*Asks:* 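I'd like to ask some things about the structure below.
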Protein chains: 2
Amino acid sequence: MTSTLGFAILAVLARGERTGYDIAQAMRRPMAYFWTARHSQIHTELQKLLAEGLVTYETQAGPGPQDKKIYRLTGEGTAALREWVTEPPRERPERDELVLKTYTAWLAEPEALRRLFADQLARHETRLAEYEREEELFGGPPPVGDPRFGNYATLRCGLGYERHRADWCRWMLAQLSASL
Amino acid sequence: MTSTLGFAILAVLARGERTGYDIAQAMRRPMAYFWTARHSQIHTELQKLLAEGLVTYETQAGPGPQDKKIYRLTGEGTAALREWVTEPPRERPERDELVLKTYTAWLAEPEALRRLFADQLARHETRLAEYEREEELFGGPPPVGDPRFGNYATLRCGLGYERHRADWCRWMLAQLSASL
DNA sequence: CAATACTATGTCAGAAGTGACATAGTCGCG
DNA sequence: CGCGACTATGTCACTTCTGACATAGTATTG
């Protein structure tokens with residue numbers, strides 16, 4: 001019954017105990033490329049996971065009015081996660097606004113369109129450079145049984161994606177200049 | 001105030017008048033790669049677009065208990081769409097379940113993982129073959145001012161995406177065999 | 001001729017996700 | 001010493017999206 005968000009949270013917790021805040025932070029940086037959630041969603045989801053017995057927590061004095069809650073996986077949580085990992089992912093509908101705009105490109109001013117794609121290309125090139133820098137920090141792939149393998153493999157995916165995307169933007173720009 | 005779904009509908013209607021049903025069909029096949037919506041959502045959104053004066057319709061006798069409604073863009077609708085096309089897209093969070101699973105791959109049984117990626121690779125290869133067949137039907141890109149340019153350019157994007165994805169799956173499979 | 005698929009409209013409950021509001025301590029900077 | 005950033009929890013209204021239900025005529029196929 002657990003949602004994919006639930007498993008995303010379990011996946012973070014599998015790497016070590018965290019507060020809800022920590023999970024939200026993880027979903028801002030290393031995970032943001034393939035999964036994100038706001039803290040509001042994370043706190044509600046943690047309550048569900050707790051009710052299902054997939055996580056537990058210990059309290060510690062925290063900064064705000066409430067105590068800090070340090071969550072970790074239960075045996076059931078680990079089992080559920082381990083089972084979920086190799087199940088074929090449910091197909092989610094892609095929704096890509098840039099491609100939708102491209103579908104309607106024939107209606108657009110060519111110059112404004114050129115700016116749009118030049119801007120997108122720049123974004124992809126920036127991210128690509130970031131990812132390439134990150135890749136160098138690993139010197140080749142970690143062993144498959146290592147949590148860091150997950151980080152490396154997802155980075156590889158991001159790298160491929162940014163390259164594909166940048167190529168496509170360049171192709172679009174070439175089409176637009178050819179049509180002048 | 002119009003949502004992206006609203007613009008997706010306007011984008012279909014810009015190519016000719018359609019019923020709500022026709023729009024839902026368009027979102028099943030040529031558009032499904034980059035945008036989808038169920039008919040329930042389309043009907044509700046059409047009511048909003050109507051209230052905003054971006055679309056109008058004419059009725060005709062239809063099969064069911066209600067009359068058939070043939071929608072088309074108003075001048076305002078076309079103007080809104082034309083303005084939207086070149087505005088930078090709002091960054092939507094990516095949520096990719098397969099990559100999330102990869103992030104957790106270290107917990108998985110290697111053999112089950114191999115099956116997962118082999119299966120995904122097969123899917124991408126099938127789609128790639130379909131897209132390649134479709135591409136041949138165009139003999140090179142249509143002119144940028146032609147609606148068919150939209151179809152071609154989005155197909156190119158899909159082609160690049162499937163290639164990137166298939167490559168990544170192959171890389172994953174190579175990593176998994178190397179670790180045995 | 002019966003079953004199934006297709007055309008065509010719509011409603012509604014519920015899940016998933018967003019953005020704002022609310023609270024409060026610590027730490028660093030100018 | 002005040003201001004902003006960071007740590008940390010939570011609620012709530014609202015939007016978006018899904019899946020099921022409801023209705024009914026025509027066309028195809030076995």
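Naming: A, B, ... by sequence-line order, numbering from 1 per chain. Note that the structure is predicted; figures quoted are calculated from it, not measured.
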*Asks:* Determine: side-chain N/O of A:R38 to OP1/OP2 of C:dC21, distance under 4.0 Å, yes or no.
*Replies:*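 A:R38 to C:dC21 OP1/OP2: no side-chain N or O under 4.0 Å.
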*Asks:* I'd like to know if B:R123 pairs up with B:D119 as an ion pair, taking the criterion as any Lys NZ or Arg NE/NH1/NH2 lying under 4.0 Å from an Asp or Glu carboxylate oxygen.
*Replies:* yes
*Asks:* Do A:E52 and A:K48 sit within salt-bridge range, that is, some charged N less than 4.0 Å from a carboxylate O?
*Replies:* no
*Asks:* If you check the B:R95 side chain, which of C:dT18, D:dT9, C:dA8 turns out closest?
*Replies:*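 The nucleotide sitting nearest to the side chain is C:dT18.
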*Asks:* Check this one for me: any side-chain N or O of A:Q66 less than 4.0 Å away from OP1 or OP2 of D:dA8?
*Replies:* no
*Asks:* With respect to the side chain of A:P65, which nucleotide from C:dG19, C:dA24, D:dC21 is positioned closest?
*Replies:* C:dA24
*Asks:* Counting only side-chain nitrogens and oxygens, does A:K69 get under 4.0 Å of the OP1 or OP2 atom of D:dG10?
*Replies:* yes
*Asks:* With a non-hydrogen cut-off below 4.0 angstrom, is B:Q47 in contact with a base, only sugar-phosphate, or nothing?
*Replies:* sugar-phosphate
*Asks:* Could you tell me the separation between the NE2 atom of B:H43 and the P atom of C:dT11, rounded to a whole number of Å?
*Replies:* 9 Å
*Asks:* Taking atom types as they are modelled, is there a donor-acceptor pair under 3.5 Å from the base of C:dT9 to the side chain of B:H39?
*Replies:*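 Indeed there is one.
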*Asks:* Assuming nearest nucleotide by heavy-atom distance, tell me which of A:W35 and B:D67 is located more 5' along DNA chain C.
*Replies:*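 Looking at DNA chain C, the more 5' nearest nucleotide goes with B:D67.
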*Asks:* C:dT9, D:dA8, D:dG19: which one has an atom nearest the side-chain heavy atoms of B:T19?
*Replies:*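 The answer is C:dT9.
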*Asks:* Where the side chain of A:S3 is defined as all heavy atoms beyond and including C-beta, which of D:dG10, D:dT18, C:dA16 is the nearest nucleotide?
*Replies:*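 For A:S3, the side-chain atoms sit closest to C:dA16.
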*Asks:* Is A:T44 touching bases, backbone alone, or none of the nucleic acid, heavy atoms closer than 4.0 Å?
*Replies:*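 Counting heavy atoms under 4.0 Å across all strands, no contact is made by A:T44.
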*Asks:* Just compare D:dT18, D:dG10, C:dA8 and give me whichever is closest to any side-chain atom of B:Y21.
*Replies:* C:dA8
*Asks:* Can you tell which of D:dT18, D:dT7, C:dA16 lies closest to the side chain of A:Q25?
*Replies:* D:dT7
*Asks:* Considering every strand and a 4.0 Å limit on heavy-atom distances, what is the contact class for B:E45: base, sugar-phosphate, or nothing?
*Replies:*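 Since no nucleic acid heavy atom lies under 4.0 Å of B:E45, the category is nothing.
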*Asks:* Quick one: does any side-chain atom of A:R95 pair with a main-chain N or O of B:T36 as donor and acceptor, under 3.5 Å?
*Replies:*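 Here the side-chain-to-backbone pair exists.
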*Asks:* Counting any heavy atom closer than 4.0 Å, what does A:R18 reach on the DNA or RNA strands: base, sugar-phosphate only, or nothing?
*Replies:* nothing
*Asks:* Between the side-chain atoms of B:S40 and the base atoms of D:dG19, is any donor-acceptor pair under 3.5 Å?
*Replies:*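 Per atom types, the contact qualifies.
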*Asks:* Would you say C:dG17 has OP1 or OP2 under 4.0 Å from some side-chain N or O of A:R92?
*Replies:* yes
*Asks:* Determine, for B:D96 against B:R165, whether the closest basic-nitrogen to carboxylate-oxygen distance falls under 4.0 angstrom.
*Replies:*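 Yes.
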*Asks:* Taking OP1 and OP2 of C:dA16, is either one under 4.0 Å from a side-chain nitrogen or oxygen of A:Q41?
*Replies:* no
*Asks:* Is the charged tip of B:R156 near the ring of B:Y161: under 6.0 Å from the six-membered ring centre and within 45° of its axis?
*Replies:*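 No.
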*Asks:* Using whole Å, report how far OH of B:Y71 lies from C1' of C:dA8.
*Replies:*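 Distance, rounded to whole Å: 11 Å.
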